[in-house]
There are 2 protein chains.
Amino acid sequence: MVDKSLKVLKDILRKEGLRFTSQRQSVWDEIRGSHEHRDAEDIYMCIRNNDVRVSRATVYRTIDVLVKNRLVRKMEVGDGRSRYEPRLDDEHHDHMICEETGDIIEFFNEELENLQEKIANDHGYTVVRHVHQLFVKPFPE
Amino acid sequence: MVDKSLKVLKDILRKEGLRFTSQRQSVWDEIRGSHEHRDAEDIYMCIRNNDVRVSRATVYRTIDVLVKNRLVRKMEVGDGRSRYEPRLDDEHHDHMICEETGDIIEFFNEELENLQEKIANDHGYTVVRHVHQLFVKPFPE
DNA sequence: TCCTTATTGAGATTGAGTCTCAGTGGAAAT
DNA sequence: ATTTCCACTGAGACTCAATCTCAATAAGGA
Ligand SMILES: [Mn+2]
Ligand SMILES: [Mn+2]
Ligand SMILES: [Zn+2]
Ligand SMILES: [Zn+2]
C-alpha cells in the first residue's frame, strides 16, 4: 500500500518531468494518511512535527502538483483557507458541512449528478466540474 | 421603484440601529442598479466614477450590512474575490459559470432543491444554505 | 442650533498564497 | 564512484483582498 502510493507519486513526477524528493514524498504521505479535509498550514505543521524539514512554499508547490494530477482534491469552505483531501479511490462525492460542529459529511447521489448534467445540457453546456455544498444543522431533539 | 428601494434600505438601517448616510445609499444603489455578479473593487470604482466620494472600507462595511439583511447575495467563484448580486425579487437560484467566456448563467430547479433537502434529511440534517455551481463549457460546433 | 456619538476615509495591518534567488541535491552520464 | 547539470528547496520578500485603526466628520435627536 505504501509502496503502491509511492509508485503512483513517482510515476506522476516522471510524467511531469519533475524530480522525486523527500519533501514531495512527505507532503503526499501526510495528505494520503488522513481522510480529513485539511488546510495547508495544518499539513505543513504536521509534517514538521514528524521532524521532517520542509517549507510552506514547498508544501504549496507540491499540493499544486498533486491537485493537477488528481491525487488530491482542493475545496473551499468559504473561510479563505483552501482544504485538501486525498483522492484514494477517486470516487466523486460532494460535501455537507455542519455549521454547528464543523463536521464535513460526504455524500454522493447519482440522480443529483444526472440532473445537474441535464440542466447544463438544456442550456447548451457540458459540466466540466461542479461545487455542491450543503451547509446544514442537525435536527432538533 | 427608487423610492421603494430607498425605503427598504432606511428600514433596514433603522432596524439595525444604524444611520442613513449618502455612502450607504450609493453602495446599495450601485449594486441594485445591475444584475451582474460584481466584485467589491468594481462596485467601488463605479461609485467613484459617478463622482461620489466613498472609501473601500465603507463599501466593504456597507456590503456586509446588505448581505446580512438579505438585500445582497455574496458568492465566491474561486478566484479569491467575492462577488455580489442584488436580491431584488429574492427568488433563489444557482449558478452555471462558463469557463471559456466567464459568463454566469442563473438556473433554478425545484427537483434539485428537493433532492438535496432529502439527502440532508436522510443524514439527520436540515439545509441552512447551499452552494451549487456548475463550471461548464459550451457544446462543440 | 447644539450635542452626542455613529460613521467615514487614509493608510496601516492581516493572512493565505506566491515569488525570488542563492544554495542544495537528484539523477543521468561517464 | 565521480562528475556535472540544473531542478528543487527554503527564508523571507511580496501580493492582494479584506479588515482594522483612529482622528476628523456628519447624522439626527433634543
Ligand atoms: Mn440550489
Ligand atoms: Mn446570480
Ligand atoms: Zn456532485
Ligand atoms: Zn470529501
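Since this is a predicted model, take the numbers as computed values, not measurements. Lettering of chains follows the sequences in order, A, B, ..., and the numbering in each one begins at 1.
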Q: Does a side-chain N-to-carboxylate-O contact under 4.0 Å join B/Asp64 and B/Arg61?
A: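 Salt bridge absent between B/Asp64 and B/Arg61.
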Q: Assuming nearest nucleotide by heavy-atom distance, tell me which of B/Ala57 and B/Arg81 is located more 5' along DNA chain D.
A: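 Result of the comparison: B/Arg81.
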Q: Between C1' on D/dA17 and CG on B/Asp64, what's the gap in Å once rounded to a whole number?
A: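 To the nearest whole Å, that distance equals 13 Å.
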Q: Report yes if a side-chain nitrogen or oxygen of A/Arg24 is closer than 4.0 Å to either non-bridging phosphate oxygen (OP1 or OP2) of D/dC8; otherwise report no.
A: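 Checking D/dC8 against A/Arg24, a side-chain N or O does come within under 4.0 Å of OP1 or OP2.
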Q: Between A/Lys15 and A/Asp11 (salt bridge meaning N to carboxylate O under 4.0 Å), is one present in this structure?
A: no
Q: Of the candidate nucleotides D/dA26, D/dA11, D/dA18, which contains the atom at the shortest distance from the side chain of B/Arg19?
A: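 Nearest nucleotide to the side chain: D/dA26.
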Q: Strictly below 4.0 Å, N to O, side chains only: are A/Asp29 and A/Arg32 in salt-bridge contact?
A: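 A/Arg32 and A/Asp29: salt-bridged.
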Q: Given atom CG of B/Asp39 and atom P of D/dA17, what is their separation to the nearest angstrom?
A: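 In whole Å, D/dA17 P and B/Asp39 CG are 8 Å from each other.
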Q: Report which part of the nucleic acid B/Arg53 touches: base, sugar-phosphate, or nothing (heavy-atom distance under 4.0 Å, all strands).
A: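 Answer is sugar-phosphate: B/Arg53 comes under 4.0 Å of backbone atoms only.
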Q: Which residue lies toward the 5' end of DNA chain C, B/Arg48 or B/Gly17, if each is placed at its nearest nucleotide?
A: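 Closest to the 5' end, via its nearest nucleotide, is B/Gly17.
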Q: Before we go on, tell me: are the rings of A/His130 and A/His92 under 6.0 Å apart, centre to centre?
A: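 That pair passes the under 6.0 Å test.
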Q: Do A/Arg83 and A/Glu36 meet the salt-bridge criterion of a basic N to acidic O distance under 4.0 Å?
A: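 Looking at A/Glu36 and A/Arg83, the cut-off is not met.
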Q: Find the distance B/Leu13:CG to D/dA27:P and express it as a whole number of Å.
A: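 Atom-to-atom, B/Leu13 to D/dA27, this comes out as 13 Å.
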Q: Is it the case that one hydrophobic cluster holds both B/Val65 and B/Ile47, taking links as side-chain heavy atoms less than 4.5 Å apart, direct or via other members?
A: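 Same cluster: B/Val65 reaches B/Ile47 through Ile, Leu, Val, Met, Phe, Trp or Tyr contacts under 4.5 Å.
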Q: Taking for each residue the nucleotide of DNA chain D bearing the nearest heavy atom, is the 5' side occupied by B/Leu18 or by B/Tyr60?
A: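 Between the two, 5'-proximity favours B/Tyr60.
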Q: Atom OH of B/Tyr44 and atom C1' of D/dA18: how far apart are they, to the nearest Å?
A: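 Spelled out: OH on B/Tyr44 to C1' on D/dA18 is 14 Å.
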Q: Taking atom NZ of A/Lys118 as the centre, does the number of heavy atoms from other residues, nucleotides or ligands within less than 6.0 Å exceed 12?
A: no
Q: Taking any atom closer than 4.0 angstrom to a non-hydrogen atom of chain B, what span of DNA chain C does the protein reach, first nucleotide to last?
A: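 Result: C/dT5 to C/dA10.
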Q: Identify which nucleotide among D/dA27, D/dA11, D/dC8 has an atom closest to any side-chain atom of A/Thr21, counting heavy atoms from C-beta outward.
A: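 For the A/Thr21 side chain, the nearest candidate turns out to be D/dC8.
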Q: Starting at CG of B/Asp79 and ending at C1' of D/dA18, how long is that distance when rounded to a whole Å?
A: 14 Å
